[in-house]
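The structure under discussion appears below in the form of structure tokens.
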Amino acid sequence: MIKKIFLVTLLFSLFLTGFAKAELSIDITGARSEPMAVGLPEFSVSGQMAKEDAQETAQKIVQVIESDLTSSGLFKILDSLAYLQSFKGIEDAPAFVDWQAISAEALIQGHVDYLSKKQIRISVRLWDVYAAQELYSATMEVDEKGWRRAAHMIADAVYKRITGEDGYFDTRIVYIAETGPALNRIKRLAIMDQDGENHQFLTDGLNLVLTPRFSPNMQQITYMSYYKDTPRVYLFDIESGRQQVVGDFPGMTFAPRFSPDGHKLIMSMADNGKTDIFEMNLDTRVIRQLTRSSAIDTSPSYSPDGKQIVFNSDRSGAQQLYVMDANGKNVKRISFGNGRYATPVWSPRGDYIAFTKMAGGRFYIGVMFPDGRGERLIAEGYLVEAPTWSPNGRILMYFRQDPPNRDGIPGATKIYAVDITGYNERRLITPVDASDPAWSPLLSNR
Amino acid sequence: MKKRLFAVLAAVALISGCASTTPAEEEDEASAAAQQAAEQSEAFVQNAKDRVFFGFDKSNLSADAVRVLKVQAEYLKANPTKKIVIEGHTDDRGTREYNLALGERRAVAVKNYLISRGVDADRIRVISYGKERPAVVGANEAAWSQNRRAVTLVKD
Amino acid sequence: MGLRLSFFMRLRHCPFLFKTVQAAFDHMPIVFSLLLHFFAVFLLTYDFSSAHQPEVVSVPMFVVDLSQVKIAEMTNLPPKLIPTAAKKETKKSVRTSAYSKASAKNSVQPETRGGKAGTSGGKKSSSAALENDLNKLLKSVTAPQKQPESAASVQPPANSIKNTGNQGGGETDDPFKTLLASVDGIKSGMGYADAHTAAEVNPDEIVTEGIEGGQGGSYMQELSVSEKDMIGIKLRECWNLDAGVRGVHNMLIEIRVFLNKDGTVKDAKILNKTKYNKDTAYRSVAESARRAVYICDKKKEDSPFKIFPKNYEQSYDTWKTLLLRFNPFDGGVI
């Protein structure tokens, strides 16, 4: 009897285990990758302002959100003519079926309330149309004049909730504005919002300036200037406009970059035919030499944790990429492909190193993993150079120069941005020719 | 025409010992401009003796370069009060930062040769412009080879 | 493989089991039922580490049944292929299972583990789910080769599997190529591998599918591999993935779908909530996968889940919940 019970139990258990495993499982490998379809209807308005004026503000905000999200390549805003629902207030519940009908995957609902003539309160809600879920909601009060930044911040919030990563719309770009003849270019520091708005020149063009880079706290820019025919690394204070030379070096200093914590500056110094990498503590002004070779070691860039430095060197005979500890120890070569590799930049999210590659007479912008595997080239041209990362490590910006034509007129120099996937390359509109872009951190994060 | 005018201006600047970093002129035009040059500088500019050229991504001196530099060294020894600035330049087929270093290497190569020929190191200053100040515009080897250069400027 | 077959065999006995258990419940007090449950849970818990032991015990009983299995009915195998490849295969595997004490560990693992091992091990090659399955198969098929007496007869199917493995690999490069553009490669459009992966079935593939069908084993009418693939492909088309998300190369999203009897989606739940709550990038990809389920569901008659009420209406219990495993690259990038 006991034996029988045991057997029955055993069989029953086996049956159960079999059943538990028998749940049908299906593997889905690969996907399509298209911009996410987003419904962005007009924001409703209320409060202490004529309705038309309030609506105008609301429309401007919606336009900035739309242009931000669209420019990322990850979203497409559906044509508002197709919308079946319009919202009267922020409490209006979305009719999900109506939004599903036009294949919207997400929906942004918003409201602008004029608390006074000058103060507005913006409310937004983000919906997952198919799961019929609210994904995000926020309210912010800003001066009416701050509507543009508020719109960027809303776009950042939407971007963050959908992609899971920080946005980059509330950021700025510093770059070199180029004018004048090809043989004697006039170069000036210039700064603008990430979308090209609020453009302004920072220097007058009397001195040749090159390779600007933002400090992590956004208050300073480091760059190289030929002031008094002495090429050196400088710091530029954005608020005061004050410029100061960095350190007292015997030779040319160039290729500066901030450390991720903003307390150190790393750069190259060329003296007597040798170029090595130096680090300067900005608080104590102590200088430390990190590489010692007869080769050219330049374009250093810190890893986001500040523990490693990637740079390019021709110590093997041609330019290749190397990684070393922040103290200069453990130098390891990471690039082994055909061609020459230069200007490595470590992604802020740490997963990639971007670089300029030269091979077969062409220039490329590419990315590789920090150990050198997985090289992928994502832009190509007669001359493409100087990648810079968006603060979330998702977009690469670089400049592109067309070849000169036969009459000796130099090709135009323009800034482009491309997604890390290699798609959605787009040009940044600048008032004049532009090179050496550098992306700021997220302003609202500092 | 514009270019020619420019070359003339450059030569004048050279004579007057102006400190400005004038872009260099093309070879054939250089000799035309040299006719107006003052006696001391003539040896330099005439027959394009103010510059030497380099191979791609190279900073070693060719036999041609050595011939030019010998003339320069003789001139400097004959004019012991003159000081010089050596500008290092590259073509645009490299990245900006690397080219700054490469230009410096080229200028230093010239400097070291002149020192080896007896020129006092204190009289020589080097500066690199990388690819920022090309001599000619063009997307071909002819143009690039003229841009890979070190130019010696005489200062009083 | 032996293990899988033994499941299969065991499940063939379902009616018998039901009857026995029913009878037991009729006559035994409730305490006994508790005991039963307890023991069942106990076995479930220890399933992974000691699963093969009870199976080894029951092997002799299963051997008898194996000869009666008609693989063709379950698997879309063209009739002429059955005797040559598939049938031999099944017999071999029975033998393997007889030796399973020695060889079970390297030949086959329980299905759930096999899946995981496949995805993590697939990092080296740009493989896809199909190839993974094939690799699993390959392993399980080649395992008997180590045993001298079975080596010769196993050879042909092993080769054919290798071939399809290569083809599968070539095909599944596509998502990688198109999700991450490269200027030195073909900067093609936003396309993805078309449905022809399932539509074009060459004989070699059929062999493997046959084996998989016979092996994966279902106690009731389960899906054939091509039907499974079709569902996977349809879901892939519904899945709009942001291929640039941090860590996407190594992500595996598991979603449990609850289906109504008419094949519409009742609910879709993202599993692995801890990671979902902790890792925003994972959350983003998981939500896109869940969206894919709903988007597919909204396709009405084109919904991948419609195949269940259409072809398997009777066995609703077997498909009322599904485990979907979304894997953008299957480790293919690294």
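Just so it is clear: chains get the letters A, B, ... in the order the sequence lines come, proteins before strands, and each one is counted from 1. Values reported hereafter were calculated over all heavy atoms of this structure, with side chains retained and with hydrogens, waters and symmetry mates removed.
- Of the listed residues A:Ala270, A:Gly411, A:Pro410, the one with more heavy-atom pairs under 4.5 angstrom with chain B than any other is A:Ala270.
- Of the atoms belonging to A:Ser313, not a single heavy atom falls under 4.5 Å from chain B.
- Within the 4.5 Å cutoff, no side-chain heavy atoms of A:Gln319 are placed close to those of B:Leu102.
- Between B:Ala101 and A:Phe254 the shortest heavy-atom distance is CB-CZ, 3.8 Å.
- Atom-to-atom distance recorded for A:Thr275:OG1 and B:Glu97:CD is 11.0 Å, nearest 0.5 angstrom.
- Annotation for A:Asn338: atom CG does not count as buried by contact number, only 12 or fewer foreign heavy atoms lying within 6.0 Å.
- Counting heavy-atom neighbours within 6.0 Å of A:Asp248 CG, excluding the residue itself, gives a total of 12 or less.
- Note: B:Glu132 CD to A:Leu210 CG = 4.5 Å, rounded to the nearest 0.5 Å.
- Among residues two or more places apart in sequence or in another chain, the side-chain contact (heavy atoms from CB on, under 4.5 Å) test is passed with A:Asp314 by A:Ala295, A:Ile296, B:Tyr98, B:Arg105.
- Residues A:Tyr382 and B:Gly138 approach most closely at OH-O, 4.1 Å, considering heavy atoms.
- The closest side-chain heavy-atom distance from A:Phe355 to B:Thr95 is not below 4.5 Å.
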Can you give me every donor-acceptor pair (side chain of residues 174-183 of chain A, partner residue at least two apart or in another chain, under 3.5 Å) with its distance?
unit_1, atom_1, unit_2, atom_2, d
A:Tyr175, OH, A:His199, NE2, 2.5
A:Glu178, OE1, A:Arg185, NE, 3.1
A:Glu178, OE1, A:Arg185, NH2, 3.3
A:Glu178, OE2, A:Lys187, NZ, 3.4
A:Glu178, OE2, A:Ser435, OG, 2.6

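- Closest approach of B:Arg125 to A:Asp229, counting heavy atoms only: NH1-O, 3.5 Å.
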Worksheet item: Stepwise, does the side-chain contact (heavy atoms from CB on, under 4.5 Å) test hold for B:Val126 with A:Asn272?
Response: CA-CA 9 Å; B:Val126 299; A:Asn272 217 7; over 6 Å; no
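- Nearest heavy atom pair, residue A:Met252 against residue B:Glu104, reads CE-CB, 4.1 Å.
- Both the backbone and the side chain of B:Asp92 come within contact range of chain A, judged by heavy atoms closer than 4.5 Å.
- Of all residues spanning residues 54-64 of chain B, those with a heavy atom less than 4.5 Å away from chain A's heavy atoms are B:Phe56, B:Asp57, arranged by number.
- For the atom pair CD of A:Glu385 and NZ of B:Lys131, the computed distance is 3.5 Å after rounding to the nearest 0.5 Å.
- The choice from A:Asp436, A:Thr230, A:Asp297 that makes the most heavy-atom pairs within less than 4.5 Å of chain B is A:Asp436.
- Sparse packing is recorded around NZ of A:Lys274, with 12 or fewer heavy atoms of other residues, nucleotides or ligands lying under 6.0 Å away.
- Neither the backbone nor the side chain of A:Met269 comes within contact range of chain B; no heavy atoms are under 4.5 Å apart.
- The side-chain contact (heavy atoms from CB on, under 4.5 Å) test applied to A:Ala318 returns A:Arg340, not counting sequence neighbours.
- Closest of all the heavy-atom pairs between A:Gly273 and B:Val108 is N-CG2, 3.5 Å.
- Of the atoms belonging to A:Ser299, heavy atoms from both backbone and side chain fall under 4.5 Å from chain B.
- The shortest heavy-atom contact between B:Gly94 and A:Phe363 is N-CZ, 3.6 Å.
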